[in-house]
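This report refers to the structure that appears directly beneath it.
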There are 2 protein chains.
Amino acid sequence: MTKRNEETDNLQPNRPRAKPLDALDRKILSALAEDSTRSYADLGREVGLSAPAVHERVKRLRATGVIKRTSADLHGPSLGKDFLAFVHVEAAGWGKTEGVMEMARLPEVEEVHAVTGDTGLILKVRMDCPEAMEGFLWRIYDMPGVRSTRTYVVLSTHLERGVQAGITPELSQGDNLK
Amino acid sequence: MTKRNEETDNLQPNRPRAKPLDALDRKILSALAEDSTRSYADLGREVGLSAPAVHERVKRLRATGVIKRTSADLHGPSLGKDFLAFVHVEAAGWGKTEGVMEMARLPEVEEVHAVTGDTGLILKVRMDCPEAMEGFLWRIYDMPGVRSTRTYVVLSTHLERGVQAGITPELSQGDNLK
DNA sequence: TGATGTGGTGAATGGTGTTCAGCTAACCAG
DNA sequence: CTGGTTAGCTGAACACCATTCACCACATCA
């Protein structure tokens, strides 16, 4: 029944961050990042807490935006999207303006990043077939300011996962020692 | 409890695919990709089915691998991972051998793709700070066969989402007409 | 036409999410 | 040192939801 509060996702670094995430939080996050269908009782058994305690923490992690959302990860090829590519876009003079939002609206686009280096924008796009790619690139070129693109077609994906919680102690420099 | 069966992800188009995914399946998938905490009764109300019917379909979609898993999407900066980058790796003579698996074991690495174009491998990596990036690149260079790398530091992310179900009818060319 | 299988429904049930009152320990002010 | 306040955990209670089941409708096919 969780409401969709996705507007606070990665736009703001999340305002109401009061608690600095202790080791138990990280364990819970790590487990939920792997499989969010596990019961609170189950998680509690693993980290040494009661079910309501785990529930309380997860609720807080959601509210503070540490858990952006919980989603089903779909298999591209099963949905007819056999074609994955990264597209580097070189555009003139729009930092985070209209053009970026326009790209984000295209259903093929999964990621849009502004980057340093020999390009300005990196897009991750997934679609049916190479022909669809051609049409997609035309649409990109139609956008004002787009100078050039470079496409990297993915031949095989060997790893594709979300943000890792990272339970290694050296990652957090003052959390669980209290 | 889901094991990491990422090696069968888009290498095979998934074996036990019997059903060709009708429009209702896509609606359900689209909804679950947005928010997998919604109840079956709720989903059923949206697509016009009873709760057990939706449950049956979701169970099948899981079994056939269309739903790879359901996971909590974490917020990098809240976990101390403020630094995101794409690394292009040029390596000599290993297609999908040991080196790729070695990279996938590094906790900073979120994605590994073999691509066409002026590079061989694209890595998506997330870590604490630029200093960590330096150490990471050293480890990459230590791997046998690595010739060169090119790093694109992400300045801002404007979109980051999973595979879209794509309910637009023209995407599937012969699915729901039976 | 009758057998078979697929996929749906509504009702029943067991498990899980969720709430609540109370307990404990830490912290702070007096 | 002591009393008040707060944060966070626990076990019990409750409501809701996932899951199962028997039954049914419809399409397919011998």
Side-chain angles (χ1 to χ4, degrees), chain A residues 1-5 14-29 31-73 78 172 174-178, chain B residues 1-2 15-73 78 165 172 174-178:
Chain A
M1 257 1 80
T2 314
K3 296 298 168 297
R4 47 186 75 104
N5 42 2
N14 73 328
R15 223 60 53 73
R17 184 223 306 229
K19 305 299 155 187
L21 289 188
D22 65 359
L24 265 54
D25 286 326
R26 286 203 141 81
K27 274 191 192 173
I28 294 171
L29 288 170
L32 288 179
E34 278 293 322
D35 178 9
S36 65
T37 67
R38 296 182 59 183
S39 74
Y40 291 141
D42 190 13
L43 291 170
R45 229 167 288 127
E46 185 170 323
V47 304
L49 282 177
S50 66
V54 176
H55 179 254
E56 186 65 30
R57 281 168 176 262
V58 171
K59 203 163 54 177
R60 180 162 47 83
L61 290 168
R62 278 187 208 280
T64 55
V66 180
I67 297 178
K68 294 194 294 181
R69 62 178 179 183
T70 128
S71 61
D73 299 358
S78 299
S172 59
D175 288 354
N176 51 359
L177 52 91
K178 211 173 202 343
Chain B
M1 251 1 80
T2 314
R15 224 63 52 71
R17 186 222 307 227
K19 306 298 157 187
L21 290 189
D22 64 1
L24 265 53
D25 285 325
R26 285 202 143 83
K27 273 191 194 172
I28 294 170
L29 288 171
S30 183
L32 288 179
E34 277 293 322
D35 178 10
S36 66
T37 66
R38 295 181 60 181
S39 75
Y40 291 142
D42 190 14
L43 291 171
R45 229 167 288 126
E46 185 169 324
V47 304
L49 280 178
S50 66
V54 175
H55 180 252
E56 185 66 30
R57 282 169 176 262
V58 171
K59 204 162 54 177
R60 180 163 45 82
L61 290 168
R62 278 185 207 281
T64 56
V66 181
I67 297 178
K68 295 194 293 183
R69 61 178 178 180
T70 128
S71 61
D73 299 357
S78 298
S172 58
D175 287 354
N176 50 359
L177 51 91
K178 212 178 187 16

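A note on names: the letters A, B, ... follow the listed sequences, proteins ahead of strands, and every chain is numbered from 1. Because the structure is a prediction, the values reported are computed rather than measured. Values reported hereafter were calculated over all heavy atoms of this structure, with side chains retained and with hydrogens, waters and symmetry mates removed.
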Across all chains, not counting sequence neighbours, the side chain to side chain contact (heavy atoms under 4.5 Å, CB included) partners of B:Arg60 are B:Lys19, B:Asp25, B:Arg57, B:Thr64

In short, ring pair (Phe, Tyr, Trp, His ring centres under 6.0 Å) pairs touching residues 23-48 of chain B with sequence neighbours left out are B:Tyr40-B:His55

Residues passing the side-chain hydrogen bond (donor to acceptor under 3.5 Å, both in side chains) test with A:Glu56, sequence neighbours excluded, are none

From CG of A:Asp42 across to P of C:dG15 the rounded distance in Å is 14 Å

Residues at least two apart in sequence or cross-chain that pass side chain to side chain contact (heavy atoms under 4.5 Å, CB included) with A:Ala33, listed by chain then number, are B:Leu74

Taken in chain and number order and not counting sequence neighbours, the residues that satisfy salt bridge (charged side-chain N to carboxylate O under 4.0 Å, His left out) with A:Arg45 are A:Asp42

Flag the pair B:Val47 / B:Ile28 as yes when at least one side-chain heavy-atom distance between them is below 4.5 Å, and no otherwise.
-> yes

Is the distance from OP1 or OP2 of D:dC9 to the nearest side-chain N or O of A:Arg57 less than 4.0 Å?
-> yes

Of C:dT9, C:dG8, D:dC9, the nucleotide closest to the side chain of A:Ala53 is D:dC9

Rounded to whole Å, the CG-P distance (B:Leu49 to C:dG8) equals 6 Å

From CG of B:Leu24 across to P of C:dG8 the rounded distance in Å is 8 Å

Provide a list of protein-nucleic acid N or O atom pairs under 3.5 angstrom, restricted to nucleotides 18-23 of chain D.
| residue | atom | partner | partner atom | Å |
| --- | --- | --- | --- | --- |
| D:dA18 | OP1 | B:Tyr40 | N | 3.4 |
| D:dA18 | OP2 | B:Tyr40 | N | 3.2 |
| D:dT19 | OP2 | B:His55 | NE2 | 2.7 |
| D:dT19 | O5' | B:His55 | NE2 | 3.4 |

